[in-house]
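These notes are about the structure you will find just below.
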Amino acid sequence: MRKIFYLLCTICLLSACENGKITTFETATVSPAIFPDYADVTIPVNIAPLNFKFTGPCDAIQVCIKGKTDEIICNGAYKISIPSGKWRSLLEKNAGSALEVSVLVRKEGKWTKYLPFAWHVAADKIDSYLTYRLIDPGYELWNKMGIYQRNLEDFDETPIYENTMNNLSCINCHSFCNQDPKTFCFHMRAQNTGTYITRNGKTEKLNMKVDKLYSASRYLSWHPSGKYIAFSINETNQFFHSTDKNRVEVYDKKSEVVIYDVENHTYITNPCLMRSDAFETFPAFSMDGKTLYFCSADSVLMPNQFAEAKYSICKTDFNPDNGTVSGKIDTVFSARRTGKSATLPRFSPDGKYLLFSIADYGQFHIWHKEADLYLINLKTNKLFKPENVNSNDVESYHSWSSNSRWIVFSTRRVDGLHTVPFFTYMDKEGKTYKPFMLPQKDADFYDNFFMYYNIPEMVKGKVDPDIYQMDDIVKNGKEVKVGIK
Amino acid sequence: MNNRTLDILKLVLSTVFYLALPSFYYVNFRYHFVASEEYQMFTTDFNHLKEALSYPGGLMGYIGEFLTACFHFLAGGPLITGLSIALCGILLEILFSKVQKKHSFFLVPLLIALQMAIMHLNILVNISSTAMLAFTLGLALGYVSIKKEMIRWTAGILMLLLAYWLASSSAIILFTVFLVWELFQSKNPKRFIFLGISVLIVISFPLIARILLRDNHPMTLSVAYWSEVFAYDKVLKPSYFFPVWFAPATVLCFLFVYYRNLAKKMAVLTKKGTVYLLILIQFAAFGILLKKGLDKYAMYKEDEVFMKADYMVKNEEWEEIIRMTRDELTLSPMNYPYINLALAKTGKMSTLLMQYPNNSTDMMLIPFMQDYLSAKILNQIFYQIGDITNALHMAFEGGVSTPGAANIILMKREIECRLILGDYVLAQKELTRMARTPFHGAWSRKMLHLIETNPQAIDELPWVASKRKLLSKKNTIMNFQNIVQVCLPLLDANPANSAAFQYITASFLLESKLQYFANIYGEYYPNVTADKVPPLHQQVLAAYLDATKAPAQMWEMAPISMETKQAFVDFRNTFMKYKQENRSLDSDFARKFQGTYWLYYLNNIKK
């Protein structure tokens with residue numbers, strides 16, 4: 001018995017020694033090749049651990065994450081899994097400063113230490129949840145999909161709704177009012193078709209199709225009060241390029257913007273948002289609720305003139321008392337002047353910035369490799385490209401955290417096809433920092449994950465109702481027919 | 001007839017059936033099983049197993065997926081399916097003999113095995129359903145073998161939970177065995193407590209799933225409802241489950257009761273008469289099932305023809321396709337796109353087109369019906385004619401629309417397309433996944449190695465180099481449903497693309513667009529001589545010259561042989577004669593000019 005005890009102690013001691021910091025190594029003058037590329041990124045103080053892997057050949061790795069007063073040492077065969085508790089504590093103690101990350105790699109018995117890099121820990125927190133749709137890559141058909149919420153402080157992912165519960169219907173265009181998990185909307189197509197709006201603890205199933213409008217509602221923006229939603233009505237098609245790197249072009253044959261009065265279940269229309277000589281789409285309310293922004297392009301013959309469909313960002317005054325617009329249209333970003341096309345305007349919650357996507361033409365920029373994110377400082381009206389954010393591939397679908405410090409956007413920079421969410425920090429001066437990929441528990445996750453992340457939206461808390469309650473409403477909820485003014 | 005005679009008869013029938021079944025499958029349906037390989041993406045990594053274990057029925061699905069992967073080999077499917085069914089039959093036999101020692105259930109296990117054999121003629125029925133049954137029967141055998149009641153009941157509760165989590169709704173069968181065994185074999189009154197607990201567990205299956213899956217990944221939230229308990233994914237539909245599981249379970253109970261009590265209680269028949277009656281009923285049931293099987297056989301045989309053609313296309317055995325379809329007694333319309341593809345690839349479309357019932361271009365580039373089958377067929381056509389972009393598009397759509405969205409064959413096709421298009425980053429990601437599959441892993445690892453160490457070597461791979469030569473160079477907005485819009489850019493990029501040329505010319509001649517047909521020849525083969533032009537095309541050119549009242553000089557210059565000219569003159573003269581005599585074109589006329597383009601053209605313009 002004693003012998004067994006001593007043996008166990010020896011094994012423990014040896015293990016402890018093996019977990020100790022490596023002190024004998026050669027020094028490399030290059031940075032380590034890691035995936036995801038988390039070198040020199042700026043992270044929020046409440047983010048989940050940034051687990052990564054070394055992508056070169058190796059037998060073992062050791063990663064030392066050093067803060068002001070303490071450090072975490074992680075070992076692995078080629079990837080690391082940072083203990084959550086120690087990570088959280090390290091971040092909290094180092095909020096506002098940088099962590100030094102050293103990667104040591106063992107190959108053929110020899111350890112090599114690469115140039116260390118930094119993790120800048122911003123004191124500003126990120127909203128605790130990220131919502132998104134997960135869908136298989138496809139152009140016209142779909143299989144399983146769902147809207148999910150991921151806790152950004154750990155790795156927990158749960159469904160808000162999944163189409164396996166509804167005969168593989170299409171679920172799309174989820175949107176939250178002011179990042180409020182209790183006020184949101186999404187559409188469902190194919191079975192139990194409708195728009196589902198949750199407010200004040202109640203979910204309504206709405207039939208948004210009215211005779212006077214040629215399609216049901218599509219892209220949307222909540223009014224900050226939660227009393228209105230601006231929807232676009234689109235006749236959407238797509239075609240395929242034979243050789244162009246932008247494989248698909250999704251275009252509108254026609255589109256309009258309408259206002260939906262949530263409490264009265266009525267559309268409010270205005271001719272200035274429904275011009276026959278223009279395509280109006282992608283509405284966005286300003287954060288004070290007094291202005292409606294939208295994208296507008298001169299109507300051209302589609303699809304033949306697809307490259308001439310260039311969208312400007314326009315605005316018009318909005319009256320929150322009755323849901324009407326003034327009809328006076330101003331241009332914020334001119335497609336004619338710039339020769340480019342803008343889409344998806346999104347306001348920072350503090351009202352200081354307008355973030356949108358610019359590409360050579362069109363409005364569905366996720367299929368445009370040249371699409372980049374741009375910002376307008378609403379105080380100075382200066383247009384600028386955020387530093388460190390864009391890449392050689394598409395950046396599109398972007399949204400803000402509730403404190404206006406973090407931006408999440410979809411990008412295909414990793415492999416050119418699968419969209420993944422990246423986060424970038426924007427400080428009070430409007431400077432942006434190198435973005436980081438949504439962290440996962442397993443550093444190999446993205447190698448084995450073949451779905452797209454669509455429409456990443458941050459929310460302040462966990463979404464309510466739960467999936468079974470939602471399913472009950474989808475299948476048994478009474479449908480409310482929407483009217484039109 | 002005593003028990004021993006019945007036993008011998010049963011043994012002979014069972015042995016013949018179980019031994020003959022794999023051979024029957026191989027001879028008649030081997031291509032159906034090979035086609036099933038598409039409906040899975042089994043990988044050997046631990047994460048895949050972990051995922052399978054995280055929801056009810058996942059493990060059996062995992063085993064079924066692996067077994068389906070083995071259908072990669074032509075003999076794999078028949079052998080595995082036949083042996084699995086035999087295993088279930090034998091397990092049932094042993095179970096029945098333990099349940100009722102004195103009387104033989106005679107053909108009942110064989111009836112169930114026969115039903116399963118018929119069920120597996122449908123490509124959408126997954127081998128995992130058989131795996132589920134085998135597993136559950138194994139557990140049931142274990143249960144009935146435990147003599148001590150408390151141990152048996154405790155084991156039974158655990159088995160029920162285990163059966164539900166690993167084999168999903170097959171746990172109902174286990175519960176049926178509990179019911180039968182405890183009601184009729186046990187005398188202990190406490191057995192009702194055990195049965196009551198079992199009933200509660202069965203009713204709670206959805207709740208168990210809901211609790212255990214709630215914060216887990218939401219792969220199969222659908223099992224959290226009673227209506228969905230019987231279908232762990234869309235491949236296994238309740239319509240298959242109910243007759244397969246509940247009917248024999250009910251029959252089992254009925255027969256058990258019947259055998260045990262009937263002789264005692266009924267005065268109508270003697271004991272011997274009862275036995276004979278039951279034997280007769282079983283033979284009748286066997287006959288009915290056999291008839292049902294034969295009806296389904298005829299139906300699935302037609303599908304088998306298509307799957308055989310699909311297999312030939314995958315292996316590029318074009319001559320075999322042409323030969324095969326001529327010998328088949330019935331031609332499935334689904335084969336026509338593949339027949340046309342084979343004709344185009346062998347250059348025989350220009351000679352043999354009229355010999356097949358091709359009366360529209362829909363059978364060449366079939367309409368995309370937004371379903372798996374049309375995506376799969378179109379993928380093959382596009383790939384073979386060199387439109388790799390659209391081949392990739394259809395591989396995508398086919399992959400997404402496959403039940404379970406996992407399709408190893410189309411994944412491989414996606415990779416091939418990406419390598420041809422030079423998209424190595426994405427190919428690498430997909431190859432990394434494919435490298436973990438049992439039978440496509442070696443190819444994947446080889447490609448991965450090339451990408452990582454010597455990408456230039458990929459350019460030299462024959463199948464890559466030959467397809468790259470066919471790639472279109474000019475970007476167009478294309479309607480990929482239009483054969484001309486698809487093939488013209490390919491022809492522009494490479495005039496030697498004979499398959500594209502065959503398709504375009506066939507399209508024009510089928511649609512009687514003689515001007516376009518002539519223009520194609522003028523553009524790509526302006527100086528061709530008659531000996532190089534297939535007779536059918538010569539006929540079309542002759543029809544064109546006649547329709548446009550071309551001068552004699554044009555006739556001289558056109559690549560039309562003297563033979564064809566004379567044949568055309570004969571046709572024209574005969575037609576004019578009929579016209580002058582005011583005669584309608586009769587069967588004599590049709591017979592004389594059968595197989596010629598002119599007859600087709602005449603019938604087409606009449607429409």
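Throughout, protein chains are lettered first and strands after them, A, B, ... in sequence-line order, and every chain is numbered starting at 1. What you are looking at is a predicted structure, and each value in this text was computed from that prediction instead of being measured.
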Can you tell me if A:Asn392 has over 12 outside heavy atoms packed within less than 6.0 Å of its CG?
no

Under 4.5 Å to a heavy atom of chain A? For B:Glu430 that would be both

Looking at chain A, which one of B:Thr43, B:Ile388, B:Val425, B:Ile477 has the largest number of heavy-atom pairs inside 4.5 Å, strictly under?
B:Ile477

Show the numbers, then the answer: is there a side-chain contact (heavy atoms from CB on, under 4.5 Å) between A:Asn448 and B:Glu51?
CA-CA 12 Å; A:Asn448 303 309; B:Glu51 196 178 286; over 6 Å; no

Please report the interatomic distance CG(A:Leu141) to CD(B:Glu397), rounded to the nearest 0.5 Å.
4.5 Å

Among B:Arg433, B:Lys429, B:Gln485, which residue has the highest count of heavy-atom pairs closer than 4.5 Å to chain A?
B:Lys429

CG/A:Leu417 to CZ/B:Phe396 distance, rounded to the nearest 0.5 angstrom?
4.5 Å

Pick from B:Gln370, B:Arg436, B:Lys473 with the largest number of heavy-atom pairs that fall under 4.5 Å of chain A
B:Gln370

Is it the backbone or the side chain of B:His393 that comes under 4.5 Å from a heavy atom of chain A, or both, or neither?
both

With no hydrogens and no angle check, do the side chains of B:Thr476 and A:Ser242 hold a donor and an acceptor under 3.5 Å apart?
yes

Do you know which of A:Tyr139, A:Phe306, A:Phe239 has the most heavy-atom pairs under 4.5 Å to chain B?
A:Tyr139

How far does CG of B:Asn390 sit from CZ of A:Arg247, to the nearest 0.5 angstrom?
5.5 Å

Region of A:Val248 in contact with chain B, defined by heavy-atom distances below 4.5 Å:
neither

When rounded to the nearest 0.5 angstrom, what is the spacing between CD in A:Glu140 and OG in B:Ser401?
10.5 Å

Let me know if B:Asp45 has heavy atoms under 4.5 Å from chain A in its side chain, its backbone, both or neither.
neither

Least distance between heavy atoms, A:Asp136 atom then B:Ala405 atom
OD2-CB, 3.6 Å

Write down the atom of A:Asp415, the atom of B:Leu426, and the distance for their closest heavy-atom approach.
O-CG, 3.2 Å

Taking 4.5 Å as the heavy-atom cut-off, does anything in residues 437-447 of chain A contact chain B, and if so which residues?
A:Asp442, A:Tyr446, A:Asp447

Are B:Lys474 and A:Thr243 close enough that some pair of their side-chain heavy atoms sits under 4.5 Å apart?
no

